[in-house]
Amino acid sequence: MLPRRPSREPLMPKEIPPRFDPAEVEARWQRAWAEAGYFRAPADPKGAAFTIVLPPPNVTGVLTLGHMLGDTVQDVLARWHRMRGDAVLWLPGLDHAGLATQVAVRRHLAKERIRLEELPRVEVLSAIGRWKEEREATIRAQTEAGGFSVDWSRYRYTMDEASVRATREAFVRLFDAGLIYRGERIVNWDPRLRTAISNLEVVHREEEATLLYLEYPWADGSPGGIVVATVRPETIFGDVAVAVHPDDERHRAALGRTVRVPLTDRVVPVIADAAIDRAFGNGALKVTPAHDVLDHEIAVRHPELPVPPSILDEEARLAGDLVPAAFRGLDREKGRAAVTDALESAGFVRRKEAYRHSVARSERSDDVIEPRLSTQWFVRLPDLAPPVVEAVRSGAIRLHPDRWERTFFRWMEGLEDWCISRQVVWGHPIPVHYCESCGATIASVDAPQTCPKCHGARFRPDPDVLDTWFTSWMWPFATMGWPERTGDLARYYPTSVLVTGRDIMFFWVARMMMAGFRFTGERPFSHVFFTGMLRDDTGRKMSKHLGNSPEPLDLIRERGADALRFALLYPNPVDQDGPFTAATLEGGRNFLTKLWNLGRLLLSHVPEGAAAPAVAPALREGSALESRWILARWRETTRALDAALESFEFTQAATLLLQFVWHDLADRYVEMAKDALKGERGERARTEAREVLLFVFERTLRELHPFVPHVTEELWHALPHEGEALAVARWPSPAEAPDDPVALAQMEILWDGIRTLRNLRAESGVPATELPAGTIRATLAESEAILGDQAALLTRLGRVARLDPWSEPSPGWDPRARAVTPYAEYRLVIEAASPEAAEGLAREREKLSGILERTRHRLADEGFRSRAPAQVVAEAEEKVRELTERIRRIDGGAEPATSGVP
RNA sequence: GGGCGCGUAGUCUAGUGGUUAUGACGUCACCCUGACACGGUGAAGGUCGCCAGUUCGAAUCUGGCCGCGCCCA
């Protein structure tokens, strides 16, 4: 890096330092906003209500960059609506994340060589309690550091008292309606965590295994038997049959016969069932009803078959009377090896082959799921689905981006009952008691006093707890006091937008919809916005597991919350998976520095006691073109910005603002208005330039505020302003500035000239410090007028000493420094241009004649002339005219290349 | 195995029937110009994955193929 140049005495007032120091500024505004209570949702809202419930982060960990992305999107929405005058409630909270938290704490304890399973329940709870306190404090600090405008006065926790009541109430209502039942089913059993889990918590992975072909000998002692293929030989002790497809010719003769289960004395029948896949193995399946879903279904269809108890215990070790003593106590791996050995030495194995298949594992423990017949609680989800499907279909609830609707419908249509009971400590206990006298099942919000059936008074509570999602699915209304009819519920429910990652679309979003309609009769939200996933610089998804997700607080400390927020929204689309790298964050920081310096420049030109820009400056006849233009551009930008925000296009919104601030306001307007600002165009021009710049910058600060609240608040207070804080300032309207298509069109012509002269200078090799003279010839009436009027800007920004009327080169004047645009021709008066000047012109000619060629070709096509809309044909004809003319000019000016060149 | 999505300069990306294909990062050249070198100015860089089809006309629509990703079983 270059050494800092020797500092000149700055013109800036001392109050605004040359660099934005986020650490100090951000903390200061966060405090100020909190003290002013701007983010507390009013109890008596005047305007329309706008509600977001923050997806409660899990106490499992602390906030990741992904959370910051979601929070930023929500804050943009919340602040935008607040500025538009809506009564905004953004409700924060925390999720107890039952099983996930227990696993995290279990792992944490394991580091100290403590087994969670061996601790008394109360100690487990207090260990989890301590864990929660720590994480909660960090999460809160992270949220505050991000500058997120949540209403902390309404903070909720899925384990607080009100949540406990709401959870129990919901359970009892569904139970009473017959939508919750207890039953014996094959469930996904996690042997390491010793609990059932739901289908959604199971992940499937392709893994290598060995497929064994086992011969089950005929029970009558006749030679041979039936060959069954299996990857789980250790489960043969639970077999009750061998099944084949009823139409399978190969096994027709076997039907009705009996076989002996290898290594046992048990005799089982060969049965027919249409569910058998004839293509798999030999087409014969061993039926083990306690350890496989399909096998259980087969057993249900064949009531004559016994359903023996499980031959694996809850940690998936071989157990029970059916298992030969030699194998008892072995886990699945060892059991499989031992049983395989025994089968091989006893001669039952006909064949072994390597086999790749999909293995179900627990999302939480990564242990292989054991399908296990057990008694659990279930919610009849299919019965809750119809209003949800209808709402999404009708548009009452809209998903953004809407392509996710298909995925959503597919899942909704294939719903299965939801297993909600978990055999763990950390969670809401299932609100069910069993009467000790008559065995009645009593679901009640408060513990029962007497049994409604037999009036007994002694009860045994259900030992299980609820899946954490059984509480989370009520988040939009339980947080507002449901089942009580609270004021918040009346005012702020249904909520407006839910912002979340699509990884929990089924876990949470769909279930919230079901709960919303079931318990409140209304949609819980009208829009769902799914954010994308962040990837690191090597393209991997950021995850805690990979350890490639930077700690948000570190990034905030390094570059500031505003830089982080902006970088999360720009340039990579928030609704797509995309990279987030150090360069992304620097880009955000650079933009804020640009904004900051624009503010410093403006401040240096604002006189003491200048008024806040209440309305746009009225421009008159004779106002500067750039002033008319920037107001019109601001209007266009504001209109597009509103449209982008309305349609959840946050990256588009951020892009519009960045383009406007950097390229329109800083690069063009400020550069053009500089001499006016310095007073070189007179007092009137100076005042107008100040007023225009102040107005546009102030309105732009408002528009940027939802995205980068701290830096905008700081700048706003440094400049003339009216009102308490930008956080509660009014959102601008495009109508504040006049529409001015003439100014927009004229600026095109002027800018074309400036760009052309700059390009000519560079290509001709004019040293940066020299200002050559130039000549100009406008080729259209409109460009003649505008380029004449704006000659001062054209020469200053085009970096030429002066522009004379067109003249042909004379000796000592290199003719190659020449350019032709749609509006004018330009020459630089220089002795020797570098060859690139001529090359540039030649390249331009080549490109133009290519386009001309193609356009002529199109026009020559009868089909085009007769079928294309008249306007398209006319445009093509105009293009041919314009290009022909331009090429003619390029050629016409082509003096002998050597003329005048030494 | 099923479903969904995506392939546009080195990288990321805009663009849903007629544009001289957008912007950013990176690269190269010049420049510390009275806001900003976290900056300015200029430039180079693309057969819009491949093949068919529809159409007067395809980056854009349809089909197939190839590659990548995600979800589900």
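- Across B:C70, B:G5, B:C36, the shortest atom-to-atom separation from the side chain of A:Glu671 is found for B:C36.
- Counting only N and O atoms by type, the side chains of A:Thr655 and A:Gln652 include no donor and acceptor under 3.5 Å apart.
- Within 4.0 Å of A:Arg589, counting heavy atoms only, lies at least one base atom of the nucleic acid.
- In the set B:A14, B:A44, B:C36, the nucleotide with an atom closest to the side chain of A:Arg843 is B:A44.
- Residue A:Asp667 is in sugar-phosphate contact alone, with no base atom involved, counting any heavy-atom pair closer than 4.0 Å across all strands shown.
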Original post:
How would nucleotides 17-30 of chain B be written as a contact map, 5' to 3', with B for base contact, S for sugar-phosphate-only contact and - for no contact, using protein heavy atoms under 4.0 Å?
Top reply: -BSB--SS-----S
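- You'll find that the side chain of A:Asn572 is closest to B:C12, out of B:C12, B:G34, B:C36.
- For the pair A:Arg393 and A:Phe409, the distance from NZ or CZ to the six-membered ring centre is under 6.0 Å and the angle to the ring normal is within 45 degrees.
- Residues A:Arg858 and A:Lys879 meet the side-chain proximity criterion, which asks for heavy atoms closer than 4.5 Å.
- Close to B:A35, at under 4.0 Å from its OP1 or OP2, lies a side-chain N or O of A:Lys674.
- Taking the nucleotide of RNA chain B with the nearest heavy atom to each of A:Lys678 and A:Asp577, the more 5' of the two is matched to A:Asp577.
- Not one side-chain nitrogen or oxygen of A:Gln652 sits closer than 4.0 Å to the OP1 or OP2 atom of B:A14.
- Evaluated for a side chain to side chain contact (heavy atoms under 4.5 Å, CB included) with A:Val800, the options A:Leu760, A:Leu828, A:Leu771 yield exactly one hit, A:Leu828.
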Please tabulate, for side-chain N and O atoms in residues 567-580 of chain A, each donor-acceptor pair with protein atoms closer than 3.5 Å (sequence neighbours left out).
unit_1, atom_1, unit_2, atom_2, d
A:Asn572, ND2, A:Pro579, O, 3.1
A:Asp577, OD1, A:Arg502, NH2, 2.9
A:Asp577, OD1, A:Met533, N, 2.8
A:Asp577, OD2, A:Arg502, NH2, 3.3

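- You'll find that the side chain of A:Pro579 is closest to B:C12, out of B:C12, B:A14, B:A35.
- Across all strands, A:Thr651 comes closer than 4.0 Å to no nucleic acid atom at all (heavy-atom distances).
- Here A:Glu405 pairs with nothing under the side-chain hydrogen bond (donor to acceptor under 3.5 Å, both in side chains) rule; sequence neighbours left out.
- A:Phe650 and A:Phe529 have their aromatic ring centers within a separation under 6.0 angstrom.
- Residue contacts shown for A:Ala666 include a base, since a base heavy atom lies under 4.0 Å away.
- At the heavy-atom level, A:Arg799 lies nowhere under 4.0 Å from the strands shown.
- Between B:A43 and A:Asn759, a contact under 4.0 Å exists linking OP1 or OP2 to a side-chain N or O.
- Nucleotides of RNA chain B nearest to A:Pro573 and A:Arg502 differ in position, and the one nearer the 5' end is that of A:Pro573.
- Nucleotide B:G67: paired with B:C6 (Watson-Crick or G-U wobble, both distances less than 3.5 Å).
- The listed nucleotides are B:A35, B:A43, B:G3; the one nearest the side chain of A:Leu601 is B:A35.
- In this structure, the CD atom of A:Glu416 is 13 Å from the P atom of B:C72, given to the nearest Å.
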